[in-house]
Structures are given as structure tokens and as C-alpha cells.
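Working notes, structure below.
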Number of protein chains: 2
Amino acid sequence: MTIEAGATFMNDATPARDDVRNRLLAKMSVQDWALLAPHLEDITLKERQVVEVPNKPITHVYFVETGVVSVVAVNAEDHRIEVGVIGKEGMTGTPLVFGDDRAQHSAYMQIGGSGKRIAAPAFVAAIGQSPSLRALVLKSAQAFMIQTAHTALANGRAKLEERLARWLLMAHDRLDSDAVPLTHEFLAVMLGVRRAGVTVALHSFERRGLIAARRGQLTLINRTGIEEVAGSFYGIPETERKRLMGETL
Amino acid sequence: MTIEAGATFMNDATPARDDVRNRLLAKMSVQDWALLAPHLEDITLKERQVVEVPNKPITHVYFVETGVVSVVAVNAEDHRIEVGVIGKEGMTGTPLVFGDDRAQHSAYMQIGGSGKRIAAPAFVAAIGQSPSLRALVLKSAQAFMIQTAHTALANGRAKLEERLARWLLMAHDRLDSDAVPLTHEFLAVMLGVRRAGVTVALHSFERRGLIAARRGQLTLINRTGIEEVAGSFYGIPETERKRLMGETL
DNA sequence: CGAATCCCGTACGCTTCCGTACTGAAATAA
DNA sequence: TTATTTCAGTACGGAAGCGTACGGGATTCG
């Protein structure tokens with residue numbers, strides 16, 4: 001690991017900005033970065049690590065850099081389904097942006113990785129202080145909301161294969177490799193379908209040369225082909241996020 | 001119609017506050033009300049009247065007082081499904097709260113009624129000026145977001161009868177009578193199912209004494225029974241809204 | 001290295017809901 | 001009043017996906 005020249009005029013605790021891979025952190029103004037940086041903490045995010053628990057206070061906001069967070073809505077009878085994913089393009093803890101201190105949903109690392117986090121009070125103070133920072137996180141929250149709406153659409157109207165393709169594409173957008181380290185079981189939980197249904201659908205993908213599968217891992221081979229399977233159920237949240245946040249996903 | 005004493009010290013264009021039935025307008029501080037009131041316009045909201053068009057600028061924010069708005073997500077292949085409903089508890093135009101000027105979804109009156117509206121620029125100016133007003137509409141936006149997430153859950157996991165019961169309850173919460181003036185066709189569009197499927201399900205409800213049905217109209221008879229049908233797919237967004245906004249729904 | 005566990009492949013009967021379509025009754029328009 | 005349109009009731013074959021379950025291979029644990 002090399003020492004970054006850009007970090008020389010900052011104190012030891014402040015992470016260097018040049019190697020920040022979270023898009024929100026990278027995109028904000030230097031002033032806003034300066035506001036957050038002293039409170040940011042580098043963190044490893046292991047798979048299945050819980051970042052938010054429903055109806056519990058949010059302790060930290062996580063800026064993911066590698067890996068994927070699943071946000072899962074749960075009801076009283078323990079029915080559950082994923083309502084959104086978060087990766088390097090976004091952040092967790094959107095209720096804080098709305099002035100609430102509690103998590104609505106369950107959120108945990110679906111694919112392990114790393115990132116930075118900030119304690120909730122420091123985050124709230126920062127967005128209270130900087131209108132431009134608040135505007136940025138509001139847009140990010142809106143982008144997430146659009147994703148949730150289209151998840152509702154896909155859940156109600158798309159077939160299993162279409163929804164599975166959509167999920168793979170959303171994960172792929174957030175990963176640096178074509179390999180998705182996940183079991184069929186977890187894909188099934190996220191989509192709210194049978195594990196066996198996922199197995200059959202992935203088989204079909206594999207036979208068509210769209211993916212390669214190994215135990216606990218699958219690799220995208222023909223992304224365009226997967227996009228064709230997902231059809232119009234994939235894409236709108238992605239273009240809307242680009243419109244709202246700028247060209248970087 | 002009697003002349004309200006409370007209106008005497010306001011100018012002619014300013015609606016009297018006492019008879020405001022929209023919960024958000026009724027709940028805000030006098031200062032925030034004074035900020036909005038001069039720009040509020042009484043309006044009749046006929047059924048099927050369009051209030052937002054996807055990808056088009058939002059012209060007005062609507063504060064519904066009677067009737068119900070459907071917010072419907074649409075994709076490129078014209079698949080569509082309702083992602084939320086808005087009545088007297090809320091407002092349309094949430095993207096404006098996030099700093100965006102465009103509608104994501106289609107929004108129209110599913111059940112006709114009336115309300116007040118304000119031109120988008122005046123609304124944006126007001127929330128820019130008053131932090132307390134901004135906080136209020138942010139919480140309302142969050143409540144809507146929770147509703148959307150649970151719609152995604154219901155779409156993915158609930159059966160037709162459960163989803164239909166959920167919809168009826170959400171509509172009933174927003175109406176002043178037990179009569180829901182809607183055809184099976186429109187219920188089907190909102191739920192993303194067949195019209196014939198809705199007919200059969202409503203029949204079952206009727207046989208069980210939960211509702212009474214006439215052409216283009218159905219009446220809730222046993223709300224508790226309908227709640228039992230919806231099970232845990234109904235309720236969380238409602239209690240969360242109460243928590244966020246205070247005891248009034 | 002053997003045992004226990006995890007993950008995937010596959011199967012079968014069953015439920016739910018779709019696509020489609022025809023009918024008659026009710027409401028509306030002429 | 002008659003014609004037209006809208007809405008609800010019903011039907012049938014079929015697709016999609018569920019619940020369940022069993023076996024075998026891969027991986028991990030002791």
C-alpha cells in the first residue's frame with residue numbers, strides 16, 4: 001500500500017479522498033467531504049453482516065465501496081422480500097435523511113465487501129449544517145425510492161426468470177467482477193420464491209450460455225442476453241439515478 | 001354554507017383554515033400555513049383526472065381532501081402497477097421534496113373528490129424557506145415510501161385475496177364512507193391482475209358477508225373481517241405513518 | 001480422515017392465477 | 001324507447017410456481 005500525497009495536509013484520522021470508491025463520497029464537494037471525513041471509519045463488511053434492524057435506531061450510515069447490501073421488508077407474519085439493493089453508488093440509513101432515527105427494514109450485506117461508515121448523530125449534524133450535502137443525500141434517497149417502486153412492479157408483474165435476471169443485473173452493476181458469490185437459497189429469499197425455482201431458472205440461463213454456475217457462485221457470461229431476459233423490468237431506476245446523480249453509476 | 005369567523009382577518013383569496021380537511025395542511029404550524037395559504041387553490045378532482053405524468057414536470061402539488069389518488073409505476077413495455085395511494089393524509093408531488101422537478105410515476109384520481117393545490121414553484125419556495133415545513137413534508141414522503149415498500153412485499157408474497165383486502169382497507173382509511181365507487185376493472189389494473197380474478201375474489205368476500213357489491217360500487221360491511229383476510233400485509237405503513245406524523249391518519 | 005453440514009439437482013401433485021372469450025344485465029346515449 | 005356501451009358473471013384449458021421431499025456431491029468441521 002502506497003502513501004498518498006493527497007493526504008499529507010490532512011490529519012492522521014482523515015481518510016485520503018483519492019481512493020474513495022463510494023460514488024456519493026466521491027461526488028460531494030470538498031467542503032462536504034471535509035464535514036464528513038473526520039467521522040468516517042473504514043470498515044470491513046462481511047457477508048450476512050447486519051447493518052439495520054427493523055424498528056431499531058440506526059446507529060451508522062454505511063457508504064459501501066465493495067459488496068452489496070440487501071434491504072428487506074418484513075411484516076408481522078415474517079413474510080419478507082427484498083425492496084432494494086445498495087452498493088457503491090449509495091448509502092444506507094435513508095430514514096435519517098427524512099428526520100427519522102429508526103430503520104423500517106432489515107438491511108444486511110448480501111455480498112461481503114468493505115466501505116466506510118459514520119455514526120448517525122454525526123451524519124445528521126452534517127446534513128443539518130450543509131444544504132448541498134442534504135441535497136445530495138436527498139437525491140440518493142429518491143433514487144432508492146424509484147428502485148423500490150420498480151421492485152414492486154417487477155414483483156407484481158414479472159415472471160421468476162425476469163426478476164432473477166433483473167436482480168443479477170443490479171448486482172453486477174454494483175460489483176467489480178462478473179462473479180456473483182451467492183447461493184440459490186439467498187437469491188430465493190430475496191425474490192420471495194422457492195429455492196428450487198431459482199435452481200431451475202439458473203439452469204435455463206446456463207443452458208442458454210448466459211451464466212456459468214458453480215456451488216455458491218455464478219458468473220455472468222453474456223450480460224446483454226440477461227438484459228434481454230429482464231426486458232423492461234430492468235433499467236428505469238438505473239437511468240433515473242444517472243439523471244439525478246450525474247453520469248456515474 | 002356558513003361564514004367562518006376564523007376567516008375574517010385573512011384576505012379574500014386565503015382559504016379559511018378551520019375547514020381544511022387535508023391532514024398535512026391541518027397539522028402544520030400557523031406560520032407554515034400562512035406561507036402556503038395564499039397560493040392554495042380549491043379544486044375539484046374528478047375520477048380519472050390526471051395529476052402527474054411520468055417524466056413530465058410536476059405542475060402542482062395536490063393536497064387531497066376527499067377522494068383517492070393512485071400512483072402507478074409504468075415501464076417501457078407498458079407493464080404497470082400501483083405503487084401507492086394518497087388521500088387526505090398526504091400530498092402528491094413528492095419528487096419536489098427531493099429537489100427533482102419531474103414525476104416518476106403516473107398519478108391520477110382513482111376515486112373522485114376535491115382538495116387544494118399549489119403551483120410547484122410556490123411549493124418549492126415555501127419548503128426552501130421553512131425548515132419546519134420541509135421537515136413535515138419529508139416525513140410525509142417517508143411514510144409514502146414505506147407504503148411503497150409494503151406494496152412490493154404484498155405484490156411478491158400475498159395472494160390475490162390478501163392484496164385485494166389490503167387495497168380495500170387502504171381506500172377505506174381515506175374515505176368518509178364505507179362505499180368504494182370502483183369497477184372490478186380498475187381494481188384489477190391497480191393490483192396488476194385479471195379483471196375476472198377480482199370478480200371471483202369479490203364474490204368470495206360477498207358470500208362471507210364482508211362486502212356488498214353493486215355495479216361500479218362496493219360497500220365494506222365487516223371491516224374487521226377484511227382485516228383478517230389481509231392479515232399482516234395490511235397495517236405497518238399505517239402504524240408507521242401514525243408514528244411519524246402523529247396520531248391522526 | 002471420517003462425520004456432519006451445506007448446497008444443488010430433480011421430481012410430483014397441487015394451487016393460484018392467467019389468457020381468452022362469451023353472455024346477459026345495467027347504465028347511458030340517441 | 002331503442003341502441004349502444006359498459007360492467008359483471010362464468011367457463012375452460014393451460015402456465016407458472018408452490019410445498020415438499022429425497023438423494024448425491026461438495027465443503028467444512030472435528
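Values in this document were obtained by computation on a predicted structure and should not be read as measured data.
- Atom CD in Glu161(A) sits about 8 Å away from atom P in dG17(D), given to the nearest Å.
- Side-chain nitrogen and oxygen atoms of His203(A) include at least one within less than 4.0 Å of the OP1 or OP2 phosphate oxygen of dT10(C).
- If you check dG25(D), dG9(D), dA26(C) against the side chain of Thr199(B), the one that comes closest is dG9(D).
- Counting only distance, with no hydrogens or angles, the side chain of Asp100(A) and the backbone of Pro95(A) share no donor-acceptor pair below 3.5 Å.
- Aromatic ring orientation, His150(B) versus His105(A): tilted (interplanar angle from 30° to 60°).
- Place Leu160(A) and Ala213(B) on DNA chain D by their nearest nucleotides, and Ala213(B) ends up nearer the 5' end.
- Rounded to an integer number of Å, the gap from Arg214(A) CZ to dG9(C) P is 13 Å.
- Residue Arg215(A) places no side-chain atom within donor-acceptor reach of the base of dT27(D), judged by atom type and a 3.5 Å distance cut-off alone.
- Rounded to whole Å, atom C1' of dG9(D) lies 16 Å from atom CG of Leu187(B).
- At whole-Å resolution of the value, NZ in Lys159(A) and C1' in dT16(C) are 13 Å apart.
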Side chain to side chain contact (heavy atoms under 4.5 Å, CB included) between Asp173(B) and Glu238(B), worked out: CA-CA 9 Å; Asp173(B) 288 339; Glu238(B) 289 70 22; 3.8 Å; yes
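- Note: CD (Gln217(B)) to C1' (dA27(C)) measures 14 Å, nearest angstrom.
- Counting to the nearest Å, the C1' atom of dG9(C) and the CD atom of Glu206(A) are 12 Å from each other.
- The side chain of Thr183(B) has dA8(D) as its nearest neighbour among dC18(D), dC8(C), dA8(D).
- In this structure, of dA11(D), dC8(C), dA26(C), it is dC8(C) that holds the atom nearest to the side chain of Arg195(A).
- Interface remark: the Arg194(B) side chain does form a donor-acceptor pair with the dG19(C) base, using a distance-only criterion of under 3.5 Å.
- Nucleic acid contact for Gly216(A): sugar-phosphate only, since backbone atoms but no base atoms lie under 4.0 Å from a heavy atom of the residue.
- Comparing dA27(C), dG25(D), dC8(C) against the side chain of His184(A) picks out dC8(C) as the nearest.
- When distances run from any side-chain atom of Val193(A) to the nucleotides dC18(C), dC18(D), dA27(C), the shortest one goes to dC18(D).
- One can place CD of Glu162(B) at 9 Å from P of dC17(C), the figure rounded to the nearest angstrom.
- Using a 30° and 60° split on the angle between ring planes, Phe98(B) and Phe98(A) fall in the perpendicular class, above 60°.
- To the nearest angstrom, P of dT6(D) lies 13 Å from CZ of Arg48(B).
- Across all strands shown, Ala196(B) has heavy atoms under 4.0 Å from base atoms, whether or not it also approaches the sugar-phosphate.
- Where Ala158(B) and Phe186(A) each meet DNA chain C at their nearest nucleotide, the meeting point lying more 5' is that of Phe186(A).
- Distance alone, capped at 3.5 Å, is enough to place a donor-acceptor pair between the Thr92(B) side chain and the Tyr62(B) backbone.
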